[in-house]
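Have a look at the structure below before the remarks.
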Amino acid sequence: MSQPTEHSPVAPSAAHHDGTAPAAPAPGSPAGGSTTKSTLEKARRDKLEKLRGLGLDPWGKRYDGATPIGQVREVGETLDKSPEFSGGPTVRVAGRIMLLRSAGSLVFIDLVDRTGRIQIMLGKKQVGPDAWKIIDCLDLGDLVGFDGRLGHSKTGEMTVFASGVEFLTKSLETPPDKFHGLVDADLRQRMRYLDLIHGEGVRDRFVARCRIVEAVRRVLTSRGYLEVEGPTLQESAGGAAARPFKTHHNALDMPLVLRIALELHLKRLLVGGMERVFELGRVYRNEGVSPRHNPEFTMMEAYEAYGDYFTMMDLTEAIFLEAAQAAGTPTRFEWMGHTVDLTPPFRRAKYDDLLAEVTGCNPADPASVAAAAAAQGIETAGRHADVIKSDLFEATVEKTLSGPVFVIDYPAAICPLTKRKADAPHVAERFELYVAGIELANAYTELNDPDLQEELFRTQLAGLAQEESMARMDTDFIRALRHGMPPAGGLGIGIDRLVMFLTAAPSIRDVILFPIHRPHAES
RNA sequence: GAGGCUGUAGCUCAGUCGGUAGAGCAUCGGACUUUUAAUCCGUUGGUCCUGGGUUCGAGUCCCAGCAGCCUCACCA
């Protein structure tokens, strides 16, 4: 067979000593042909100039009439499946070149758009000499449009047999490894656009996020809730226990904080007669970063006048089921090492009962709780009994909750925004929804007694620093309550965690397109 | 904030006992009108994260730093 040495500009045959030959650069490869990052780019820029030389714009233009590849595939499924059948309808597709296989004057391309992937076949004879010059300029990652008959190749692969080519956009960067894609977690998040192109299931997960958010809105609006927008810049951050981000308004010369919750402004709207309201938006907490925490995340809070926390349990189930359906989540699956089952109704278990069950202590007896807490290494001296109980619950019970399970009836002292049970004032009408040991939702029968609310804002629990408490005085909010807030149920759902759950993602960074990152020194 | 692991070519990864830096993909050149991560022949490509130290000699050992991941703490 013909040896490459026949075509080599360097001395033919010559006993093949590797060390001697490579001194002379091949005439066909300019600049001696190194393949550092910059020369990989140069190879692409050379092709870009070649396209310009053909009178084509390497950045393309409007390209009408392309059919989504997913739809093309549906048509293809109905066609004659016999090999080399190319008699299907003429279609136009546009997308990114993911794979490029050349077999001499025959080229196969895997083209991808938002709906799918399809093979394009280009024959030198079939497309003609002018179009073939464009084929010579193609690289992995370029965006191209094709016209051609739909059919099946010799091996049965659905194929567009191209007759026309429209160059749409040059890619100047080398794409990631075509088989492994982008693996490095850091690069995947910093260059999410590449992750979306090459990552297995990445785009599907973010599409699922959109569907989930749509479903949440659908359930609420269908029940007569109005979507509103509260202020993200606030004088003081209330409604949750977290440190806020601080900023400053220049013209007003006043310090401001970014909101940490949506609660207090939505309740003002209940006072204002907006009896069913919700907000779906970003909140900011200046706390640690972890697989379950990002400094900015998306919260949905909903408030319904004349409801209570049981109303909110029903609402929560409706939202979860609709969202699961929208995301295509199976009824039963594995997440974070737990087997979860979405079949309604979700289990409901009392806080104290779970505590007794898991730790064996007597939740009604502070001494018994303190002893169990001490056994877990929890500090008890000088701390409020309910704070100790809460720490014990988190240390022991939370991780056992596969769920979904509504944990109901919380110790009142750690719930300063919640109505107390009429017949048991030490118990708050609150639930948290747990799945796989992770809190996904939190709801109250809302406290609407302005005098009690003011007292709870003033009372700092022993063992809790000011900034660790959600009891933060807000006199304007108290005044609003004094005008009369209807009895109500309120619900908060962490949307990112909901998406994690319904897509079985192990990290919150998998469901946030651009999670927080330290800057890289490079670039 | 503490500990563990990791950082090598554009991407994915090897690198033994401390002795001149390796592979696949990508690039470039060549063969091929039915490929499927095409294949085959050839070619090219390195701030071994950064800075010190030990050593005749460091990708490798030591120290410090930077970044990422994980666990814990924090985030009720």
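Protein chains get the first letters and strands the later ones, always in sequence-line order, with residue 1 at the start of each.
- Among the protein residues, A/Ala43 comes within range of the sugar-phosphate backbone only, with heavy atoms under 4.0 Å from sugar or phosphate atoms but none that close to a base.
- Counting non-hydrogen atoms under 4.0 angstrom, A/Pro83 reaches nothing in the nucleic acid.
- B/U33 is unpaired under the Watson-Crick or G-U wobble criterion, no partner having all donor-acceptor distances under 3.5 Å.
- Nucleotides B/G22 and B/G46 have their C1' atoms positioned 11 Å apart, rounded to a whole Å.
- The gap from the P atom of B/G4 to that of B/U44 amounts to 43 Å, rounded to the nearest Å.
- A/Lys389 comes within 4.0 angstrom of nothing in the nucleic acid, heavy atoms only.
- Taking atom CE on A/Met191 and atom P on B/U12, their separation rounds to 9 Å, with Å as the unit.
- Checked by atom type, the side-chain pair A/Asn442/A/Tyr410 shows no donor-acceptor distance below 3.5 Å.
- At a cut-off of 3.5 angstrom, counting only N and O atoms as typed in the model, there is no donor on one side facing an acceptor on the other between the side-chain of A/Asp186 and the base of B/G7.
- When the side-chain contact (heavy atoms from CB on, under 4.5 Å) test is applied to A/Ser236, no partner is found at least two apart in sequence or on another chain.
- Applying the 3.5 Å distance criterion, the base of B/U35 shares a donor-acceptor pair with the side chain of A/Gln119.
- Within 4.0 Å (heavy atoms only), A/Gln189 reaches sugar-phosphate atoms of the nucleic acid but no base atom.
- Spacing of P atoms, B/G68 relative to B/G30, comes out at 44 Å, to the nearest Å.
- Atom C1' of nucleotide B/U27 and atom NZ of A/Lys47 are separated by 8 Å, given to the nearest angstrom.
- A/Arg188 comes within 4.0 angstrom of nothing in the nucleic acid, heavy atoms only.
- Rounded to whole Å, the separation between the C1' atoms of B/U60 and B/G42 comes to 33 Å.
- Taking atom P on both B/U71 and B/U54, the two are 40 Å apart, rounded to the nearest angstrom.
- Spacing of P atoms, B/U6 relative to B/U47, comes out at 23 Å, to the nearest Å.
- Annotation: side-chain contact (heavy atoms from CB on, under 4.5 Å) contacts of A/Asp177 (sequence neighbours excluded): A/Phe179, A/His180.
- A/Arg518 places its CZ atom 8 Å from the P atom of B/C66, with the value rounded to the nearest Å.
- The CG atom of A/Leu99 sits 14 Å away from the C1' atom of B/C11 (whole-angstrom rounding).
- The base-pairing partner of B/A64, taking Watson-Crick or G-U wobble contacts with both distances under 3.5 Å, is B/U50.
- Look at B/A9: it lacks any Watson-Crick or wobble partner with both distances under 3.5 angstrom.
- Nucleotides B/A9 and B/U27 have their C1' atoms positioned 12 Å apart, rounded to a whole Å.
- Pair assignment for B/A2 gives B/U71, based on Watson-Crick or G-U wobble hydrogen-bonding distances that are each under 3.5 Å.
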Check against salt bridge (Lys or Arg N to Asp or Glu O under 4.0 Å), A/Asp136 and A/Lys47 | CA-CA 8 Å; A/Asp136 274 340; A/Lys47 291 178 186 170; over 6 Å; no
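- The CG atom of A/Asp110 sits 14 Å away from the P atom of B/U35 (whole-angstrom rounding).
- Comparing B/U12 with B/U16, their C1' atoms sit 22 Å apart, to the nearest whole Å.
- At a threshold of 4.0 angstrom between heavy atoms, the contacts of A/His198 with the nucleic acid are absent.
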